[in-house]
Amino acid sequence: MYQYNEVDQRIVNERVEQFRDQTRRFLAGELPEEEFQVLRLMNGLYIQRQAPMLRVAIPYGLLSSEQLRKLAHIARVYDHGYAHFTTRTNIQYNWPKLEQVPDILAELAEVQMHAIQTSGNCIRNTTTSHFAGIDDTEIEDPRPWCEIIRQWSTLHPEFAYLPRKFKIAVTGGPNDRAASQVHDIGLHLVRNDQGEVGFEVLVGGGLGRTPFIGKVIRNFLPKQDLISYLEAILRVYNLKGRRDNKYKARIKILVDAMGAEAFGELVEAEWAHIRDSELRLTDAEVERVKGFFAPYSYDAAAAEDGSLNQRLAEDQDFRVWYERNTRVHKVPGYRIVTVSLKPHLGAPGDATDLQMDVVADLAAQYSFNEIRVTHDQNLVLGEVKQSDLYSVWQTLLEHNMARANIGTLTDMICCPGFDFCSLANAKTLNIADDINAAFDDLDYLYDLGEIRLNMSGCINACGHHHVGHIGILGVDKKGEDWYQITLGGSSREDASLGKVLGKSVAADEVPETLRRILLTYVEQRIEDERFLDTVRRIGMEPFKEKVYATAA
């Protein structure tokens with residue numbers, strides 16, 4: 001992973017001291033609230049329903065053991081002993097004291113971490129697949145390109161006050177695990193007819209109150225032109241994006257209003273002025289950054305170990321976990337382990353300080369000191385020898401992180417909802433508990449196959465409900481929580497927006513509504529057809545009719 005140089009470290013240290021003084025002046029009454037708000041947002045600090053919330057950047061979801069231990073320490077010392085991992089692969093603390101936030105940032109700086117640009121109208125954390133670099137279907141590891149984007153975008157003076165927040169995702173191959181098509185910019189590494197590797201560029205994706213799937217504005221961008229082309233896109237957006245209405249200020253609104261072709265023409269015209277400038281990436285710079293992501297020194301004899309098969313035969317619980325929570329690694333003898341942060345009757349995406357310490361220790365012992373955060377709010381140990389899997393599983397089991405539910409209904413994306421967020425209209429965590437209680441039979445969930453359930457507490461869609469196979473949106477009706485159900489969404493390479501099933505349902509009706517949806521699916525699917533395929537094959541209106549017929 002990338003290591004700070006002297007300049008990187010100095011910038012982060014100076015930002016900590018700058019914010020320390022700003023916080024001191026605010027608490028002393030020397031800095032008005034409206035001025036401090038902009039400053040705190042640029043340092044990842046929100047004021048939420050219960051307390052301040054601090055969002056810490058985890059660039060492209062990559063952590064070292066030392067960094068995860070520091071995050072655990074902060075949860076233990078400055079918070080309530082836990083933290084929440086988000087769909088942008090960041091981490092959020094829900095209970096810090098405002099006067100202690102500068103101390104938290106100082107501790108983060110000790111391990112090359114910060115909260116810069118995790119909020120505010122700027123370029124946010126760039127994300128990618130949690131299997132980047134170890135997925136055998138990749139064209140190329142996208143993480144070096146994420147790091148190049150990070151270095152370009154962090155504290156970029158021209159893009160510090162954009163019309164609205166701005167998000168970029170990069171994929172390295174045909175499998176999209178970063179929801180790239182619902183980002184302001186989606187970048188796909190592709191190979192052209194000449195065998196050259198470059199980027200397909202999409203713009204204008206996003207969720208919230210007006211969701212859109214991104215549109216391709218360039219089929220192939222040479223890699224050395226990446227930063228200049230991104231800069232051209234941002235310049236056009238900065239000039240043309242609306243600033244009179246925050247609900248219409250995202251680039252998706254601009255692209256939709258202009259049309260992708262017209263927007264692309266403006267970008268190409270701007271790019272012509274800067275393409276051959278100092279923004280052009282040199283081979284030397286690209287290779288320098290790639291050097292931070294070189295493959296590890298794998299054990300050539302790892303594939304020869306036969307103990308795994310014996311363990312799988314002897315321990316059925318381990319075998320089930322192996323089948324659900326691990327996947328093939330591109331190096332023989334190694335497996336990718338997904339650590340479930342979706343325990344039964346536990347808040348999805350939360351981890352305690354002890355659990356974070358445990359995962360950090362496992363990474364140090366078994367996975368080259370590396371941890372990955374996933375878009376769907378789990379953790380990954382990406383480099384585990386198959387002979388070590390049983391030991392890893394036993395430790396995870398002891399600490400409630402081995403629930404074998406990856407890819408099932410209960411492996412849900414869920415925002416913190418009304419319990420924490422000042423923007424939320426409805427609670428989500430209690431609904432997650434109700435769903436877990438109603439669907440606790442893992443064999444049944446396995447028979448259903450992959451089902452992505454995403455839940456948001458408001459229209460801002462932090463839980464990505466629009467692109468869940470099943471989406472749940474909490475709404476407020478005269479002070480009561482109600483929930484709108486959507487079906488048929490996807491954030492993967494077949495990206496689509498879900499369609500509303502019908503009227504919203506009361507909180508206590510959500511599990512029963514899901515039961516009817518799943519019963520309809522089981523009755524209508526062909527052999528082992530996936531849920532999403534069944535909904536699409538039948539069509540939303542006929543599927544809806546069958547769901548309501550089941551209710552009758």
Any chance the side chains of [X] and [Y] put a donor and an acceptor closer than 3.5 Å?
X    : Y    : result
H464 : S456 : no
N90  : T86  : no
T410 : N405 : yes
R88  : H183 : yes
E450 : H469 : no
R335 : Q386 : no
T534 : Q524 : no
Q394 : E398 : no
R403 : S340 : no

Residues [X] and [Y] bridged, charged N to O under 4.0 Å:
X    : Y    : result
E147 : R150 : yes
D184 : K165 : no
D481 : K427 : no
E541 : K499 : no
R536 : D494 : yes

Could you check if a side-chain atom of [X] sits within less than 4.5 angstrom of a side-chain atom of [Y], using non-hydrogen atoms only?
X    : Y    : value
P348 : L429 : yes
L189 : D141 : no
F212 : I253 : yes
E370 : R372 : yes
L187 : T171 : no

Open item on the list: If I compare all heavy atoms of A83 with all of M356, which pair ends up nearest, and what's the gap?
Closed with: CB-CE, 4.2 Å
Taking the six-membered ring for Trp and the full ring for Phe, Tyr or His, determine whether the centres of [X] and [Y] are under 6.0 Å apart.
X    : Y    : value
Y298 : Y334 : yes
Y82  : Y93  : no
W393 : Y322 : no
H465 : Y483 : no

Task: K246 NZ: over 12 foreign heavy atoms closer than 6.0 Å - done: no
- [ ] Return the orientation label for the Y237 and F166 ring planes: parallel under 30°, perpendicular over 60°, tilted otherwise.
- [x] tilted
TODO: Scan Q48, R49, Q50 and name whichever one has a side-chain hydrogen bond (donor to acceptor under 3.5 Å, both in side chains) with S422.
DONE: Q48
